[in-house]
Structure formats: structure tokens, C-alpha cells
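Some notes on the structure that comes next.
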Amino acid sequence: MLKLSNVNTYYGNIQALKDLSIEINEGEIITLIGANGAGKTTTLMSISGVVKPRSGEILFDGQPIHTMNPEKIVTMGLCQVPEGRRIFPQLTVLENLDMGAYLREDKEEVKKDLDYVMDLFPILKERRNQAGGTLSGGEQQMLAISRALMARPRLLLLDEPSLGLAPLIIKQIFEIIKRINKENGTTIFLVEQNANLALKSAHRGYVMENGVVTLSDTAQNLLSNQEVKKAYLGL
Ligand code: ATP
């Protein structure tokens, strides 16, 4: 479904991604783990078109997307939930959700998706007329995921959904991520520093260091890999 081949992305003279190659099949949950500054966010930004790779190729359903603008990429079915949520704090929960669907014309289906996300996160239904900025961190993460789902993506990119949240909320959010994948067949690319949780939720994983993929395997094998255990699982 998604194929990155030899992607090189720079910020000025700094090379953040070095010959990065990643493949994601339809229906999978794939995780990308790595330390601070490894290049995880840059990988997502390169896929969603926010940052343009200097060289290499990114294919979505066989079509090159590395030259497309981010809006066009969203309409193709690829949507990113950015790190730190970035919901619209002044807008209500419902208005935030509407923004997620603003590129869609199929209004009847949008209504169904609204019901679906309210069912996934009942707290958002309760809070629907409340300003996004007044929600708790966990609720804002739920809203950010729901807003992305309102675009009805076939591939959902999640950037550190666990960041800054309490363990119980993180558990709840990861259960929902797995549910979205199972119920809708939505493919998920999950970037996480919480390697233990990410690998326990994913089918396969990639490990990244300094802009380079150093390991890729099934999530189960990575969980029992000695290097991964030492460097990322604190075991
Ligand atoms: P974290 O987990 O801390 O978010 P990350 O793995 O997502 O880290 P990136 O944010 O992709 O890593 O950063 C990769 C490298 O690119 C780092 O060295 C970072 O300092 C650099 N970088 C990221 N964004 C910019 C930018 N806007 N301008 C210059 N350098 C940047």
C-alpha cells in the first residue's frame, strides 16, 4: 500500500532521513520506533507531504505522492495525526471534527463517520459543544484521532499518541487504535517512543537510529530481540 524507497530528507544542511526504505501492506499496523531525534516525525512528514524529500520515491497504491501537496495526499486516503495533537483550541469538539471532513463531498457518509467516532470515544459526544482547548490531554488526543478519522483515511499516520498521557489513558487509546484497524481495516503507521506498547500493538516494526532503519522484523521478534530489549525496552 505504501512504499518508501531510498528517501533522503533534509532540513537545510542537516540530513534527517538517509536512504530510508519502508513498506506497509494494507490492513497492517506498522510501528516505527527510535530515540529522540532519530527521524520518526520527519518520516511521517515526508509521507504526508509536509516536508519534501530531496530524493527517493514514495508510492501510495502504486502512485508517486512525494511530489504531491498535502491536501491532495489527504484526498487519496492518507491522513496524519500530528505529535502534540494540534487540535483547534477555540473551536468546539464538533467543529474540530467537521474540519477533519472539510475535503469530503459525501455528506451522508460524513454523518455516519461522526456517529462512529462518537461511539469510539463517548466522552467526545458528551463534550461535543465544548471548546477543544478545554479538554484534557487524553481527550485532545482522542479528538485528534477522531478528526483524522473524519477524513475516512485508508492509511492513518499516528505520531506519538502516548506522549504526555497517563498510563490508563494510553492503554485506552491503544485499544481503540487496534479496534480501528480491526473493524475498518484501516492501515496504521504508528510512530512511538513507547516501544514496548507500540510493539505489543503492531504486526511489524522498524527501528530507526540517526535517520537510518537499523532493524525491521515482526513485532514479536523485535520484542525478543536482545538489542531492542537493551536499547528501547529497558530490559
Ligand atoms: P522525537 O521523538 O524527539 O520527536 P524524531 O525521531 O521524531 O524525534 P525528528 O523530529 O524527525 O526526530 O528529527 C530528526 C532530525 O532532524 C533531528 O536531528 C532534528 O533536530 C532535525 N530536525 C527536525 N525538524 C527540524 C527542522 N524543522 N529544522 C531543522 N532540523 C530539524
Side-chain angles (χ1 to χ4, degrees), residues 2-24 29-58 60 65-66 68-70 73-74 78-87 137-138 140-141 144-145 148 153 155-167 169-170 173-174 177 187-202 204-217 219 222-223 225 227-235:
L2 186 79
K3 189 170 183 199
L4 283 77
S5 307
N6 303 104
V7 170
N8 291 289
T9 302
Y10 290 75
Y11 297 104
N13 292 327
I14 300 168
Q15 185 169 9
L17 303 183
K18 298 166 189 159
D19 274 330
L20 186 73
S21 296
I22 285 178
E23 272 187 59
I24 299 177
I29 301 181
I30 299 297
T31 189
L32 175 64
I33 59 171
N36 269 322
K40 303 182 300 298
T41 296
T42 306
T43 303
L44 293 188
M45 297 291 200
S46 300
I47 297 169
S48 60
V50 179
V51 178
K52 294 287 169 211
R54 195 172 287 179
S55 64
E57 189 179 59
I58 305 178
F60 182 51
I65 57 168
H66 51 279
M68 289 180 187
N69 67 42
I73 294 173
V74 171
L78 205 155
C79 197
Q80 182 177 355
V81 181
E83 185 178 337
R85 278 83 82 171
R86 309 246 182 96
I87 54 132
Q140 288 191 22
Q141 184 62 66
I145 294 173
L155 174 58
L156 185 64
L157 310 175
L158 294 167
D159 197 352
E160 304 228 15
S162 76
L163 195 75
L165 303 180
I169 305 287
I170 295 174
I173 284 176
F174 273 70
I177 291 170
T187 309
I188 291 175
F189 189 36
L190 170 69
V191 157
E192 259 296 340
Q193 273 197 48
N194 188 333
N196 187 37
L197 194 67
L199 289 172
K200 281 184 176 151
S201 310
R204 289 192 296 119
Y206 290 85
V207 180
M208 187 173 212
E209 281 172 41
N210 299 316
V212 177
V213 165
T214 52
L215 272 174
S216 92
D217 208 333
L222 289 175
L223 273 170
N225 179 297
E227 282 171 59
V228 174
K229 273 186 169 176
K230 222 167 104 186
Y232 302 102
L233 303 175
L235 299 171

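Given the structure is predicted, the values throughout are model-derived calculations rather than measurements. Both ligands and their constituent atoms are indexed starting at 1 by order of listing.
The protein atom (non-hydrogen) at minimum distance from atom 5 (P) of ligand 1 is Lys40 N, 3.5 Å. In terms of protein heavy-atom proximity, atom 3 (O) of ligand 1 is closest to Asn36 OD1, 2.7 Å. Closest to atom 26 (C) of ligand 1, if we only count protein heavy atoms, is Tyr11 CD2, 3.5 Å.
There is no protein heavy atom less than 4.0 angstrom from atom 20 (O) of ligand 1. Per-atom contact check: atom 31 (C) of ligand 1 touches the protein, criterion being a heavy-atom distance below 4.0 Å.
Atom CG of Asn194 sits about 9.5 Å away from atom CG of Leu233, to the nearest 0.5 Å.
For ligand 1, the atoms lying closer than 4.0 Å to a non-hydrogen atom of Thr42 are 9 (P), 11 (O), 13 (O), 14 (C). Heavy-atom proximity to Thr41, at under 4.0 Å, picks out these atoms of ligand 1: 4 (O), 5 (P), 7 (O), 10 (O), 11 (O). Annotation for ligand 1: atoms under 4.0 Å from non-hydrogen atoms of Ala35 are 6 (O). Per-residue contacts place Ala38 under 4.0 angstrom from the following atoms of ligand 1 (heavy atoms of the residue considered): 5 (P), 6 (O), 12 (O). Every atom of ligand 1 is numbered from 1 in the order shown, and the set under 4.0 Å from a heavy atom of Glu160 is 2 (O). Taking every heavy atom of Glu83 and a limit of under 4.0 angstrom, the matching atoms of ligand 1 come to 4 (O).
In this structure, of Gly12, Ala16, Gly37, Ser46, the residue bringing a heavy atom nearest to atom 18 (O) of ligand 1 is Gly37.
Contact annotation: the side chain of Leu199 never approaches that of Tyr232 to less than 4.5 Å [non-hydrogen atoms, C-beta and beyond]. For the pair Asn196 and Lys200, the minimum side-chain heavy-atom distance is below 4.5 Å. Taking the side chain as every heavy atom from C-beta outward, Ile29 and Thr31 never approach each other to under 4.5 Å. Under the 4.5 Å side-chain criterion, counting only non-hydrogen atoms from C-beta, Val228 is not in contact with Asp217.
Residue Gly39 has at least one N or O atom closer than 3.5 Å to an N or O atom of ligand 1. Checked by distance only, ligand 1 and Ile14 stay at 3.5 Å or farther apart across all their nitrogen or oxygen atoms.
By the 6.0 Å contact criterion, CG on Asn6 is enclosed, its count of non-hydrogen atoms from other residues, nucleotides or ligands being greater than 12. Counting non-hydrogen atoms of neighbouring residues, nucleotides and ligands closer than 6.0 angstrom, the NZ atom of Lys52 exceeds 12 such neighbours. Heavy-atom contacts from other residues, nucleotides or ligands closer than 6.0 Å to NZ of Lys18 number more than 12.
Remark: the Tyr11 side chain and the Thr42 side chain contain an N/O donor-acceptor pair separated by less than 3.5 Å.
Checking side-chain atoms of His66 against main-chain N and O of Glu57 turns up no donor-acceptor pair under 3.5 Å.
The shortest heavy-atom distance from Gly34 to ligand 1 is not under 4.0 Å.
In Met45, neither the side chain nor the backbone holds a heavy atom less than 4.0 Å from any atom of ligand 1.
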